[in-house]
Amino acid sequence: MLQISYIRENPQDVIRRLAVKNLDVKGIVNQIVEMDQQRRTLQKQHDELQAEINRISKEIGILFKSGQKAEATTLKERSSELKADSRSLADTLAASEEELNKLILQLPNLPHHSVPAGKNAAQNEIVAGEGDLPVLEEGALPHWELAQKYDLISFELGSKVTGAGFPFYKGKGARLERALISFFLDEAARAGYEEFLPPLLVNEDSAFGTGQLPDKDGQMYAVNTDNLFLIPTAEVPVTNLYRDVILTHDRLPVRNVAYSSCFRREAGSWGKDVRGLNRLHQFNKVEIVQIAHPDKSYESLSEMRDHVASLVRKLELPFRIVRLCGGDLSFTSALTYDFEVYSAAQDKWLEVSSVSNFETFQSCRLKLRFRDTDGKVRLAHTLNGSALALPRIMAALLENNQSHQGIRIPGVLVPYTGFNSIP
RNA sequence: GGAGAGAUGGCAGAGCGGUCGAAUGCGGCGGUCUCGAAAACCGUUGUCCCGGGCAACCGGGACCGGGGGUUCGAAUCCCCCUCUCUCCGCCA
């Protein structure tokens, strides 16, 4: 969430920058500024009343000690009256705060200055690209057919046992999946990330902290009896490690990595382009998270971008990096780079990573702060990125490396798979 | 699942219902001493909100796991919840 102090002091900036996301927030911003003023007035009144009550209470204590019972009783009555006023004021204040909060939560993050205006993915900006597009032999197959032909993945068994979007990986398919996870984790460790293996279920506070709640609960699987949610990404448990934490400045940037299964209901997005591994309800992902000093967070973002690029490069997959335009940027992000990998048989660019700087948007909710060199406590910046999401990488690997001899495994993975091709 | 104990500042650990935001120790920071360091000694040391000030800071409010309640007044009393520990049972 945006900081109220920022909205209060820079309402025009908020309006202008959210226009890059095609949002007209003039009305809501004005309302927020007004309600904030009202809230502060109420708070002031309440504090003053409370101060008076505190003063009287102390006095009563002194009077009792010196045996002046009559005076004490008079003051007691006075205090009781004030207490009633104070309670009703406190109720109004709480209501006012709640309403204000609801409004603030409706505002998405402000896009970074470099974010291009635009309505949708068509206006995204391709900022880099690498690798030659493979030329496939005659009769090349899409990955879902390769998966069947080489008995690597069974979508049918997944449907039988669970439902659509929950595949079984089998034999060399399972081994390749595991190899990719290990490879990604090892690469992250080499780059200085500390590994975590997080819980796959989180509580409400955590889901709120990273922004899944209050609005996006429809995208998560919920375990209602225990009020827990299956994580849509390891970002949720890992970032929430630092909820309500004040870090010392010398710990920044924090670099964490976590592998986890991810669970997404994908409500409303089920349609075309979802064949095979393109879109799943459960999938594996290795996620990198950084917590950075506000002055250094864009250095962190570049570092993460370079890390992800190196992974795709080592896997010998052609890729491009896209800077999301305002309209395509997520609610919480200030700047996002998407990585797309070319999947040859489908002739499609598949999104395999999304690297974002959230600046203080998450940390404001999380109360994730650090003590700066001057001793001041301030909000840290949070960043995360997929490094990488497995299914589409698997799809591109299978499709791009197929030949009549079978499927070739990229060299970097061979130590992990124990085989260099799937014949 | 059953029985009991507990949750206090960065950590450890006190705290008769009334000058308690909280003793004390450790740690941290600043200083004295020293060529320097250690030791010793002195001082300082939480977060959030509101108001004032360019700022250092000053004044007020809130916070002793979370939420309610009793009371003029709650860290202290009562209720609910969460978590931790010990014992028993069950279990990968």
Side-chain angles (χ1 to χ4, degrees), chain A residues 1-10 32-105 197 199-209 213 223-229 237 240-252 254 291 360 362-380:
Chain A
M1 66 194 289
L2 296 177
Q3 295 169 75
I4 181 63
S5 56
Y6 190 82
I7 303 174
R8 178 158 65 220
E9 282 155 33
N10 311 280
I32 287 171
V33 172
E34 205 173 299
M35 293 229 32
D36 174 54
Q37 185 54 51
Q38 184 195 325
R39 191 208 111 238
R40 286 192 291 161
T41 308
L42 285 169
Q43 164 119 40
K44 191 163 177 251
Q45 289 171 1
H46 179 258
D47 284 1
E48 281 166 2
L49 201 49
Q50 203 55 43
E52 177 69 9
I53 292 171
N54 289 345
R55 204 157 34 234
I56 292 174
S57 292
K58 251 176 209 171
E59 221 172 302
I60 291 172
I62 295 164
L63 288 173
F64 266 122
K65 267 188 190 153
S66 61
Q68 295 169 270
K69 292 223 173 66
E71 289 85 342
T73 310
T74 317
L75 279 183
K76 262 198 199 180
E77 281 163 20
R78 170 87 183 122
S79 180
S80 292
E81 283 167 31
L82 292 179
K83 178 84 180 256
D85 293 351
S86 167
R87 280 206 173 164
S88 78
L89 247 181
D91 288 347
T92 323
L93 179 60
S96 165
E97 262 167 8
E98 200 186 328
E99 206 177 323
L100 177 61
N101 234 306
K102 264 190 205 154
L103 289 174
I104 297 173
L105 286 172
L197 189 61
L200 304 180
L201 293 163
V202 294
N203 61 28
E204 239 178 322
D205 285 346
S206 295
F208 179 82
L213 295 179
V223 181
N224 292 316
T225 41
D226 294 297
N227 218 335
L228 296 171
F229 299 89
N240 273 284
L241 286 170
Y242 303 95
R243 171 153 47 84
D244 291 316
V245 166
I246 300 176
L247 295 161
T248 49
H249 60 83
D250 56 325
R251 285 200 53 196
L252 303 178
V254 170
I291 295 162
T360 58
Q362 286 184 328
S363 55
C364 184
R365 280 201 200 193
L366 291 162
K367 297 195 173 53
L368 195 188
R369 293 160 298 170
F370 71 101
R371 195 178 301 281
D372 211 341
T373 41
D374 61 3
K376 288 248 165 60
V377 172
R378 37 178 74 100
L379 293 172

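Each chain gets a letter, A, B and so on, in the order the sequences are listed, and its residues count up from 1. Since the model is a prediction, treat every value here as computed from it, not as a measurement.
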Asker: Testing the basics here: between Leu93(A) and Arg39(A), what is the closest heavy-atom pair and its distance to 0.1 Å?
Answerer: CD1-O, 3.6 Å
Asker: For rG52(B) versus rG43(B), give the span between their P atoms, rounded off to a whole number of Å.
Answerer: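 Those two atoms are separated by 36 Å.
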Asker: Check whether any side-chain nitrogen or oxygen of Lys44(A) sits under 4.0 Å from OP1 or OP2 of rA62(B), and answer yes or no.
Answerer: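 No, outside the criterion.
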Asker: Round to the nearest Å and state the distance from Asp250(A) atom CG to rG10(B) atom C1'.
Answerer: 14 Å
Asker: Using a strict cut-off of less than 4.0 Å between a Lys/Arg side-chain nitrogen and an Asp/Glu carboxylate oxygen, indicate whether Lys102(A) and Glu99(A) qualify as a salt bridge.
Answerer: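 Not counted as a salt bridge, because no side-chain N and carboxylate O are separated by less than 4.0 Å.
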Asker: What's the CZ-P distance between Arg39(A) and rC48(B), to the nearest Å?
Answerer: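 My rounded result for the distance is 15 Å.
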Asker: I need the Leu252(A) CG to Asp372(A) CG distance, nearest 0.5 Å.
Answerer: 8.5 Å
Asker: Using atom P in both nucleotides, what's the gap between rG31(B) and rA38(B) to the nearest angstrom?
Answerer: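 Nearest-Å result for rG31(B) against rA38(B) at atom P: 12 Å.
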Asker: Using a strict cut-off of less than 4.0 Å between a Lys/Arg side-chain nitrogen and an Asp/Glu carboxylate oxygen, indicate whether Asp91(A) and Arg87(A) qualify as a salt bridge.
Answerer: no
Asker: Counting distance only, does the side-chain N/O of Ser363(A) pair as donor-acceptor with the main-chain N or O of Thr360(A) below 3.5 Å?
Answerer: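 Yes; at least one donor-acceptor contact below 3.5 Å.
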Asker: Measure from NE2 on His46(A) to P on rG51(B) and round the result to the nearest Å.
Answerer: 15 Å
Asker: Closest approach to the side chain of Val377(A), judged atom by atom: which nucleotide of rA56(B), rG61(B), rC48(B) is it?
Answerer: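 Closest nucleotide among those given: rC48(B).
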Asker: Is there a side-chain contact between Glu52(A) and Glu48(A) (heavy atoms, below 4.5 Å)?
Answerer: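 Side-chain contact under 4.5 Å: no.
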Asker: Between the protein and nucleotides 75-82 of chain B, which nitrogen or oxygen pairs are less than 3.5 angstrom apart?
Answerer:
none

Asker: Within the sub-3.5 Å range, which N or O atoms of nucleotides 67-69 of chain B have a protein N or O partner, and how far apart are they?
Answerer:
none

Asker: Determine, stepwise, if the pair Arg40(A) / Gln43(A) fulfils side chain to side chain donor-acceptor pair (under 3.5 Å).
Answerer: CA-CA 5 Å; Arg40(A) 286 192 291 161; Gln43(A) 164 119 40; over 6 Å; no
Asker: Taking atom P in both rG1(B) and rC63(B), compute the distance separating them and give it to the nearest angstrom.
Answerer: 33 Å
Asker: Would you indicate which nucleotide in rC50(B), rC72(B), rU47(B) comes nearest to any side-chain atom of Arg371(A)?
Answerer: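 Nearest listed nucleotide: rU47(B).
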Asker: Taking for each residue the nucleotide of RNA chain B bearing the nearest heavy atom, is the 5' side occupied by Glu48(A) or by Ile53(A)?
Answerer: Glu48(A)
Asker: Which value, in whole Å, describes the distance between the P atoms of nucleotides rG21(B) and rG65(B)?
Answerer: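 Looking at atom P only, rG21(B) and rG65(B) are 16 Å apart.
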Asker: Return yes if the base of rG61(B) and the side-chain atoms of Asp47(A) contain a donor-acceptor N/O pair under 3.5 Å, otherwise no.
Answerer: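 No pair found.
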Asker: Using whole Å, report how far NZ of Lys76(A) lies from C1' of rG73(B).
Answerer: 10 Å
Asker: Apply the test side-chain contact (heavy atoms from CB on, under 4.5 Å) to residues Arg78(A) and Leu82(A): give CA-CA distance (whole Å), side-chain angles for both, the deciding distance (0.1 Å), then the verdict.
Answerer: CA-CA 6 Å; Arg78(A) 170 87 183 122; Leu82(A) 292 179; 3.8 Å; yes
Asker: Specify the separation, in whole Å, of atom CG of Asp36(A) and atom C1' of rC49(B).
Answerer: 11 Å
Asker: Measuring only between side-chain heavy atoms, which start at C-beta, is Leu42(A) closer than 4.5 Å to Gln38(A)?
Answerer: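 Side-chain contact under 4.5 Å: yes.
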Asker: For the side chain of Lys58(A), starting at C-beta, report the closest nucleotide among rG61(B), rC50(B), rU19(B).
Answerer: rU19(B)
Asker: Is there a side-chain contact between Leu247(A) and Leu368(A), using heavy atoms and a 4.5 Å cut-off?
Answerer: yes
Asker: Could you measure between the two C1' atoms, the one in rC91(B) and the one in rG15(B), and give it in whole Å?
Answerer: 42 Å
Asker: Side chain of Ser57(A), heavy atoms from C-beta onward: which of rC72(B), rU19(B), rC50(B) has the nearest atom to it?
Answerer: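 Ranking rC72(B), rU19(B), rC50(B) by closest atom to the Ser57(A) side chain puts rC72(B) first.
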Asker: Answer yes or no on whether Arg365(A) is positioned over the face of Phe208(A), meaning its NZ or CZ is under 6.0 Å from the six-membered ring centre and within 45° of the axis.
Answerer: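 Satisfied, under 6.0 Å and within 45°.
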Asker: Roughly how many Å is it from CD in Gln50(A) to C1' in rG73(B), rounded to a whole number?
Answerer: 11 Å
Asker: Respond yes when some side-chain nitrogen or oxygen of Lys83(A) is under 4.0 Å from OP1 or OP2 of rG73(B), and no when none is.
Answerer: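 Answer yes for this pair, as a side-chain N or O of Lys83(A) is under 4.0 Å from OP1 or OP2.
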Asker: In terms of side-chain heavy atoms of Ser79(A), which of rC50(B), rC72(B), rU47(B) is nearest?
Answerer: rC72(B)
Asker: Going by heavy atoms in the side chains, are Ile4(A) and Ile32(A) under 4.5 Å from each other?
Answerer: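 Ile4(A) reaches Ile32(A) side chain to side chain.
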Asker: Once you apply a heavy-atom cut-off of 4.0 Å, does Arg369(A) come out as touching a base, just sugar-phosphate, or nothing?
Answerer: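 The answer is sugar-phosphate, as Arg369(A) gets under 4.0 Å only of primed atoms, P, OP1 or OP2.
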Asker: Send over the distance from Lys376(A) NZ to rC57(B) C1', rounded to a whole Å.
Answerer: 11 Å
Asker: Figure out the CD1/C1' separation between Ile56(A) and rU19(B), and round it to whole Å.
Answerer: 17 Å
Asker: Is the closest side-chain heavy-atom distance between Leu89(A) and Ser86(A) below 4.5 Å?
Answerer: no
Asker: If you look at every strand shown and take non-hydrogen atoms under 4.0 Å, does Ile60(A) touch a base, only sugar-phosphate, or nothing?
Answerer: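 If one applies the 4.0 Å heavy-atom cut-off, Ile60(A) turns out to touch a base.
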Asker: If the C1' atom of rC90(B) is compared with that of rA5(B), how far apart are they to the nearest Å?
Answerer: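 Nearest-Å result for rC90(B) against rA5(B) at atom C1': 23 Å.
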Asker: Can you find a side chain N or O atom of Arg40(A) that sits less than 4.0 Å from OP1 or OP2 on rG51(B)?
Answerer: yes
Asker: Reckon Gln43(A) has a side-chain N or O less than 4.0 Å from the OP1 or OP2 of rG51(B)?
Answerer: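 For Gln43(A), the contact criterion (side-chain N or O under 4.0 Å from OP1 or OP2 of rG51(B)) is not met.
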Asker: On a whole-Å scale, what distance lies between the C1' atoms belonging to rA14(B) and rU24(B)?
Answerer: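 Result for the C1' pair: 7 Å, nearest Å.
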Asker: Hey, are the side chains of Asn203(A) and Asn227(A) touching, using non-hydrogen atoms and a 4.5 Å cut-off?
Answerer: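 Not touching, per the 4.5 Å side-chain cut-off.
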Asker: Counting runs of three or more consecutive pairs, Watson-Crick or G-U wobble, with each distance below 3.5 Å, where are the stems of RNA chain B?
Answerer: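 B:1-7 with B:82-88, B:10-12 with B:24-26, B:27-32 with B:40-45, B:46-52 with B:57-63, B:65-69 with B:77-81 - these are the stems of 3 or more pairs that involve RNA chain B.
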Asker: Pick the C1' atom in rG25(B) and in rG13(B), then give their distance to the nearest Å.
Answerer: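 The same atom, C1', in both gives a distance of 8 Å.
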Asker: Any side-chain N or O of Asn54(A) below 4.0 angstrom from OP1/OP2 of rU19(B)?
Answerer: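 It does not, given that no N or O in the side chain of Asn54(A) lies less than 4.0 Å from OP1 or OP2 of rU19(B).
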